[in-house]
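Along the sequence shown, the residues carry numbers beginning at 1. Not measured: the values here are computed from a predicted model.
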Amino acid sequence: MDFSRLSHLRFDTHNHNETLTSLPSAFLEALIPGYGVVSMIVFRIFGFDIGLVVSGCLVLFGLTRGSQFFYGKAYGLFYYYFMSTIQVEDDDELFGQIMEWIAEQNMTKRSRDLKAVTKWVSAYDDGEEEGKANDDDVLDESGIFNFEKWASNIPPRYEPNFGSDKFYHEGRVFRFTRTRREKKRSYWGEGEDQVLDISCVGRSTEPIKELLNYIKKWNLNKDNKSTTIFRPAPKEDRKDYAWDRQSCRPSRPMSTVSLDTAQKSKIVMDINEYLHPASARWYAARGIPYRRGYLFYGPPGTGKTSLSFALAGIFGLDIYCISLMEVGLSESDLNKLFAHLPRRCIVLLEDIDSAGLRRPDEPATDAKDTASSTASDAGTDDGLTKISKADAIPGSLKPATVATSGGFKSLISLSGLLNAIDGVASHEGRVLIMTTNCPEKLDAALIRPGRVDLQVQFTLATKDQTRDIFKRMYSSSADAKSSLPCLPASEKRPSSSSSTSTSTSTSKTNPPTKANEDYDILSLLSQVPNLDILEPEELQSMADQFAAEVPENAFSPAEIQGFLLMRKKEPRRALLEVKGWREELVEAKKRERKVLSVQ
Ligand SMILES: Nc1ncnc2c1ncn2[C@@H]1O[C@H](COP(=O)(O)OP(=O)(O)OP(=O)(O)O)[C@@H](O)[C@H]1O
């Protein structure tokens, strides 16, 4: 730029030969090298002064920038004095709910600037996504389910991109702003920290609060009821937040847990009464800590976890799972976890006995316990545990840091656990469920009334439970049918009342035409049967026959369910084969064999 040319520029009001256009020309000459030559050429060829056009553009540019500047300033002042805002951070449950709601609003539908999200989903999370995929198009030409093909059918979710936009709700205009914040490290790697600002005109946040309540209700009323499962956040993140949302499962209906009806109703009624808002006042008026604890005990696979999830579903509670065997989980972590629970929730402490919590002065009774006590000493030497409270059983609650199966050391002493469960800092309003296979190994202090209010026994399958499991497996109700995969249309065959294991293996359908080394496997696919549809009376009679073949209190519901799952479309085959399976299982249990030849 040749600024020396600016020295030629002077405001001479007496010189009328100097036109107005020479003023910007002199500026442009100084700012754009060669401008004078170009303007002269244009003038000579076209006969007009290019300076007029350029100065017009400059004035427009200046006006635009100026108005932008003043608009920004004015909006800032207006925003500051006449608008209200509520901010939501991305680690809050509300963030996801708002994004889901806003994704369905007109603002997102008409926007030309969107963010497509293909979310990582866990096995349980994808229930909702599944609905969006086309189930008929998930098998390849050989009839094999292809996950990539299935996943490619799921459309991404479109969300508003970073920035601002406005939307209307119930006659009011709101401003939605999504911004990035500095990145923070999370369990899954480096994640993006985002915030949402929802604003409205007016000096009250009331309309935004109403909107957020509306979104929460909208979220609740969506068809798919689900239970969110939380686990302790990874050690390095625990100073920021205690819990990590792990997955979201469709809620388990209570009816799918086979248990004595009286027992089920007793638990449901007890929790229902406890959760009622009036109960909190009742407890407070009597000086009783507002907490409720349950002990579910019984052999493995009898439905302890299943009932916990069904209860969470029925009461719309989230589940907070803690394993005392979690590596690195210290007593202060445990206290923090209990202190950071929401107002109402279920805390699930699974397999409490295998955490090896016991009084150190108890004699070791088996090999595992011997290992435990050895490690207990080692653990104490580490100085990793300390007695934080001894009010429950004075004097006797030394740290019980032990090694259990797998060689991990639980850093939690019995006193530390008791302190977390019902210490002064502990949370009120939660439902604590502890599960165990060996209640006799538990310390009496852990299950004393006040900590455990109701003990629920789970037994090996009774005749009723066996019947129930059979009926649920083969029920032809709409729900049951829709959850079963179907064969490609060309390979469907009518169900016949005489279909058995032999009929499926001899069924003649077109073998796969592809000549490749997988031929044998692929040809088996053509023999996969379709679900035998049973009339209710027939189903009842078969369930009775099945229950008559399975000895009472000998097998767990999980074992029976496992056997039926292998024949989930073939109730008749299950009836035919139950005897062989029963004998094999009884024999295996007698000889303490872990593997079965009939499954
Ligand atoms: N009473 C039951 N009713 C219905 N299904 C059951 C029942 N018991 C077990 N099952 C089935 O068996 C499987 C294992 O059940 P679950 O995990 O609830 O058992 P658990 O008692 O918690 O076992 P563990 O003590 O080993 O943790 C689940 O798939 C569940 O559906």
Side-chain angles (χ1 to χ4, degrees), residues 230-232 238 242-243 267 270-271 273-277 279-297 304 308 311-312 315 317-326 329-353 355-360 385-401 410-436 439 441-456:
F230 290 84
R231 286 202 180 274
R238 264 179 225 152
W243 294 96
I267 305 165
D270 192 75
I271 298 184
E273 200 182 342
Y274 165 71
L275 290 176
H276 195 282
S279 296
R281 293 191 288 275
W282 189 92
Y283 275 77
R286 282 153 188 82
I288 305 170
Y290 183 50
R291 301 183 189 115
R292 200 91 185 137
Y294 300 84
L295 177 72
F296 291 179
Y297 66 95
K304 300 179 289 297
S308 309
L311 288 169
F315 293 108
L317 298 171
D318 291 336
I319 290 207
Y320 289 74
C321 300
I322 307 176
S323 164
L324 297 179
M325 290 309 294
E326 182 159 328
L329 186 78
S330 67
E331 289 177 5
S332 64
D333 291 333
L334 195 63
N335 281 325
K336 186 172 179 184
L337 288 169
F338 270 87
H340 284 80
L341 290 168
R343 208 138 55 119
R344 300 278 185 281
C345 64
I346 289 184
V347 182
L348 186 61
L349 274 176
E350 279 201 287
D351 298 325
I352 195 95
D353 55 286
L357 295 164
R358 61 188 175 82
R359 295 168 199 240
T385 60
K386 47 185 181 306
I387 300 173
S388 52
K389 182 190 170 202
D391 63 341
I393 304 171
S396 63
L397 297 178
K398 293 178 198 152
T401 311
S410 168
L411 301 180
I412 316 285
S413 68
L414 176 59
S415 61
L417 176 62
L418 300 184
N419 187 45
I421 290 176
D422 63 3
V424 275
S426 184
H427 179 84
E428 301 219 334
R430 85 303 185 265
V431 173
L432 174 69
I433 298 179
M434 293 189 271
T435 72
T436 180
K441 281 193 181 174
L442 297 179
D443 195 291
L446 188 58
I447 54 171
R448 68 127 167 90
R451 292 199 179 101
V452 167
D453 302 285
L454 194 63
Q455 300 184 353
V456 184

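- Partners of S332 by side-chain hydrogen bond (donor to acceptor under 3.5 Å, both in side chains), not counting sequence neighbours, listed by chain and number: S330.
- Legend: residues meeting salt bridge (Lys or Arg N to Asp or Glu O under 4.0 Å) with R231, ordered by chain and number and at least two apart, are absent.
- Here Y294 pairs with D270 under the side-chain hydrogen bond (donor to acceptor under 3.5 Å, both in side chains) rule; sequence neighbours left out.
- For the pair T435 (side chain) and D351 (backbone), a donor-acceptor distance under 3.5 Å is present.
- With sequence neighbours excluded, the residues satisfying ring-ring contact (aromatic ring centres under 6.0 Å, His included) with F296 are F458.
- Inter-residue side-chain proximity for D443 and L418 is flagged as unmet; no heavy-atom pair is nearer than 4.5 Å.
- Shown here are the side chain to side chain contact (heavy atoms under 4.5 Å, CB included) partners of R344, two or more places apart in sequence or in another chain: L275, A280, Y290, L317.
- Side-chain atoms of L311 and I433, non-hydrogen and from C-beta on, do get closer than 4.5 Å to each other.
- Ion pairing between D422 and R448 holds under the 4.0 Å rule for side-chain N and carboxylate O.
- Formation of a donor-acceptor pair under 3.5 Å by the E350 side chain with backbone atoms of C321 is not found in this model.
- Under the side chain to side chain contact (heavy atoms under 4.5 Å, CB included) criterion, R286 pairs with W282, I288, not counting sequence neighbours.
- R451 places a side-chain N or O within 3.5 Å of a backbone atom of A445 that can act as its donor or acceptor partner.
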